[in-house]
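Below, chains carry the letters A, B, ... as their sequence lines are ordered, and counting in each starts from 1.
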Protein chains: 2
Amino acid sequence: MRLLANGVSVKVTVSLLAATCMATAAAAQLPPEARTVRAEVRAWRERNEVPIVRELVELLAIPNLATDSVNIRRNAEWLVRALERRGVAARLLEVEGSPPAVFGSLDVPGASRTIVLYAHYDGQPVDTSEWTSHPWRPVLRSGPLDRSPRELPLVPEGGRYDPEWRLFARSAGDDKSPIIAALAALDALRESGRRPTVNLRFFLEGEEERGSQHLRAMLTRHAGLLRGADAWVFLDGPVHQSRRHQLVLGVRGVAGFQITVYGPNRALHSGHYGNWAPNPALLLAHLVASMRDPDGRILIDGFYSDVRPPGPAEREALRAFPDVDPVLRAELGLAASEAGNAPNAERILLPALNVQGLSAGRTGALTTNAIQAEATASFDFRLVPEQTPARLRELVVAHLARQGYHVVTEEPDSATRSRYPRIARLVWRGGYPATRIALDHPAVRSLAAAIEPALDQPLLRLPTSGGSLPMHHFVEVLGAPLITFPIVNHDNSQHGPNENLRLRNLWDGIELLAVLLARLGAVWQPQS
Amino acid sequence: MRLLANGVSVKVTVSLLAATCMATAAAAQLPPEARTVRAEVRAWRERNEVPIVRELVELLAIPNLATDSVNIRRNAEWLVRALERRGVAARLLEVEGSPPAVFGSLDVPGASRTIVLYAHYDGQPVDTSEWTSHPWRPVLRSGPLDRSPRELPLVPEGGRYDPEWRLFARSAGDDKSPIIAALAALDALRESGRRPTVNLRFFLEGEEERGSQHLRAMLTRHAGLLRGADAWVFLDGPVHQSRRHQLVLGVRGVAGFQITVYGPNRALHSGHYGNWAPNPALLLAHLVASMRDPDGRILIDGFYSDVRPPGPAEREALRAFPDVDPVLRAELGLAASEAGNAPNAERILLPALNVQGLSAGRTGALTTNAIQAEATASFDFRLVPEQTPARLRELVVAHLARQGYHVVTEEPDSATRSRYPRIARLVWRGGYPATRIALDHPAVRSLAAAIEPALDQPLLRLPTSGGSLPMHHFVEVLGAPLITFPIVNHDNSQHGPNENLRLRNLWDGIELLAVLLARLGAVWQPQS
């Protein structure tokens, strides 16, 4: 049986099958002890910090904008060679107009499970004027920039690094370091006389920071290579702000849109026409207020009928998290957060309607005594399973109609304006659904079982991240269960200037990925 | 007895007294027949069009920005000389930092009534690049600019002008032409062997277009000269859009303000913090919606308790107006105006709350997926008698408090932000009350009785203009009843580029002002 044609919907069946087979599995292959593996890998790492950092610096030094077609390919070719040096069969996957993806494959004799490690090698655009040092000339410093760190030689005397030192470069945090960590984990296992217990694939994307415009085409064209994995492990994003390790089991979907409502076809003097000409800014305020209450409850009819409510398992998982909300509120100058200070992590399990922007005329010194011709609000929905952008579009159109609006998608012409007293122009900015894998999914349980015994504190399980990524492509095209296992520091200035990696996170990442690869196949119940 | 210490509150008493004395008054002085006077003045005008236009051109050629202290004084001195040529004793009235006002005085033997003619000689700022010809080099054209007119010599062959020709220059409409019309009316009466039947004062303001910043000081300092008139006749603004003549009996007051509400102290990712961080744009929408309904009803508790509702006389006066609303709606692309197409003129009798602008983050291509740090709405109230800005400020503060807001006037500091879940910063932009004189006020009845018999169609009486002017200073400082009698064309591009006067309006203005001056003292019942 192929595990999970759809990562979500067949989980109960799989779970039952898995339980039946567990005794046999455990007998078949005893997993190596987690702390033993971690200690061996740490010892290897302590002897090899200089070459590990050297390899990371070499990769970080290759400019990696997805739009820079020459350099982005240099990254990809460098990665193919790096994989091949570890005995991983590697090649470029291509679709027209896209940076290549790097695909690697390492089969392990006797392994019955296959996982794909995902990372992306492209990085966010840079404004070099905002950087303290050049984004593609990696610099080592004794700590984060706000602690006035010393700049250090890339190769330190004695060949050892203080783990609090940081390497500054574009993609040091997001997302080249996890690639190096995985490669080093393979080296460490080999040098320790161990090997992975799962078949291993690499899928390294080259345009994630540009919106993964060709991802779907890439997955579809190369589905033969990519389909059939037991899990995709995303090495992306940061560990928890408390520096504890976590698995992230989902992302919210997103659907951005904009509504413009109309008044007179030119701005009018508010004295001569106030109380007579419809005021679009006022109408917009009523419309926005009709859509969501101040505590986040969405007032659009039928909105919650597609929403899978968070269950007790998810709430339980959240209780394991350190409560960072009070600190966050203090830092952000908030006397209270929405819904009576309900925890952020719980709130993120619910769909959200966010007003991103409002504009009508001017405010401040440029205010004019006018009734404006139009007023616009931009929004995003954040979606949870099982909501779809298509269904939301229907609900919003129906809501606008119930509020008395004639809905258009283009700027209304004068015939339309003269015909309908209330006109709303509704423009969508794409959108995609959420993905979320259940806490008791076998892939989640197996990953946790592989890693957790190597940790000093329990592994956190975040049911969903608040942000949105187009992970649905993997689910829809490949039927893959997705789990994110971040390794980099949360304070890495991701996407901003002076992006950086705290070396301790790289060391931990190497150790934990090695533990994962060494144990996963053995802790995971065998396939039927 | 001095008529009208307060133009509004003693009107009934005066009316009763007046009725008692009317028979005597009529016997004492028979008014000259209106059409006879008008015909005489017209005949004079037809012989004198060139010198009338020449005098207007000379005045229009003097740049008249209130901020241009040298030129503005040249205007004032030109006006003193022009008045003195007519036997009007003239002088400049000064207060520090202000352009001078021009005061003129002409007493008429036997006259028992005194009126002040008000106009302003300063003009709106100009952007010469938007003008077809230079704003202070008057040009005569054969019609409005959108009819591709011919440019004509300022002195035409034969010495006669087509009355549809237009003179283009800053202040040709607003507000130098009415001054020339009044001066020419004096000339015409003298040449016809007539004289005014009222004592005449001129008060010509020099900074109206800059907001009359020194007007109150000017009226207060020179109250000895200015107090005691039976009426102030404002020669400003345009005739009705139908080109019919009107008296305008009031203006709305105004009170502008701005509300800013706060979220986190920096913009936050709407995925990670949506549903948790308070969204100021959403809160602002709810707040705006709580203040006014889509049909103009103001929802602030206690708002209407100070409002004098329009009476049957005012509604009756409005019924005489041509119904321009359907044309206006068509021109403005409106399928409907507020409150079920209720007439604009009636709606203007009510106070209004107008949203002028909204801003929060960005919309359109610059939208970001963020919860903004703040959101701002700017508003104006348009006031009717007896509302005061001071009382409105109290009502708005109380409304904000009822909506759960802590009200501040400055940017809140971090201690304030951390203490109050809802903070609204409320900033007022000044404000002043409405003025309105009753339709049956003796001054209104007398002005109408003087002018109306010279017209082909009934004189319109507009209870109030929608716009706001600080006329309350005249009422408060001088106790003066104010009536506006506009003469210029409505399509004069007032305040904009290519401001212009239709000559027919100047001719009519001269004739009607002459009729007014010749008849007013005789039709107005004598003082007790």
Measuring heavy-atom distances to chain A, does [X] have an atom under 4.5 Å in its side chain, in its backbone, in both, or in neither?
X	result
B:L284	side chain
B:R429	side chain
B:I423	neither
B:P280	neither
B:P412	neither
B:L350	both

Is the side chain of [X] donor-acceptor paired with the backbone N or O of [Y] at a distance under 3.5 Å, no angle test?
X	Y	value
B:N275	A:I348	no
A:H286	B:H286	no
A:Q372	B:G357	no
A:R252	B:G271	yes
B:Q258	A:T363	no
B:N265	A:E331	yes

Looking at [options], which one has more heavy-atom pairs under 4.5 Å with chain B than the rest?
options	answer
A:N369, A:D295, A:V251	A:N369
A:G256, A:A377, A:A352, A:A360	A:A360
A:A373, A:S290, A:G364	A:G364
A:A277, A:S468, A:S414	A:A277
A:G361, A:A336, A:S418, A:P421	A:S418
A:G333, A:A339, A:G296	A:G333

Yes or no on side chain to side chain contact (heavy atoms under 4.5 Å, CB included) for A:T368 and B:Q356, after CA distance, side-chain angles and deciding distance?
-> CA-CA 7 Å; A:T368 55; B:Q356 300 173 337; 6.0 Å; no

Hey, could you give me the [atom1]/[atom2] distance between [X] and [Y], rounded to the nearest 0.5 Å?
X	Y	atom1	atom2	result
A:L328	B:Y273	CG	OH	4.5 Å
B:D293	A:L282	CG	CG	8.0 Å
B:R417	A:L334	CZ	CG	8.0 Å
A:E338	B:W276	CD	CH2	10.0 Å
B:N279	A:N354	CG	CG	6.0 Å
B:S465	A:H272	OG	NE2	4.5 Å

Among [options], single out the residue with the greatest number of heavy-atom pairs under 4.5 Å to chain A.
options	result
B:H269, B:R422, B:R292	B:R292
B:A335, B:A415, B:G263	B:A335
B:I371, B:D380, B:L332	B:L332
B:A330, B:G467, B:A375, B:P351	B:G467
B:A345, B:G466, B:A267	B:G466

Using heavy-atom distances under 4.5 Å, tell me whether [X] contacts chain B through its side chain, its backbone, both, or neither.
X	answer
A:A370	backbone
A:L366	neither
A:P343	backbone
A:D325	both

With side chains defined as the heavy atoms from C-beta onward, is the minimum distance between A:P264 and B:R329 less than 4.5 Å?
-> no

Evaluate the side chain to side chain donor-acceptor pair (under 3.5 Å) criterion for residues A:S270 and B:R382: first the C-alpha distance (whole Å), next the side-chain angles of each, then the deciding distance (0.1 Å), finally the verdict.
-> CA-CA 8 Å; A:S270 64; B:R382 298 291 170 160; 2.8 Å; yes

Shortest non-hydrogen contact from A:V355 toward B:A281 | CG1-CB, 3.5 Å

Does atom CZ of A:R419 have more than 12 heavy-atom neighbours from other groups under 6.0 Å away?
-> no

Are A:S359 and B:S359 close enough, and set up right, to give a side chain to side chain donor-acceptor pair (under 3.5 Å), and what steps lead you there?
-> CA-CA 5 Å; A:S359 43; B:S359 44; over 6 Å; no

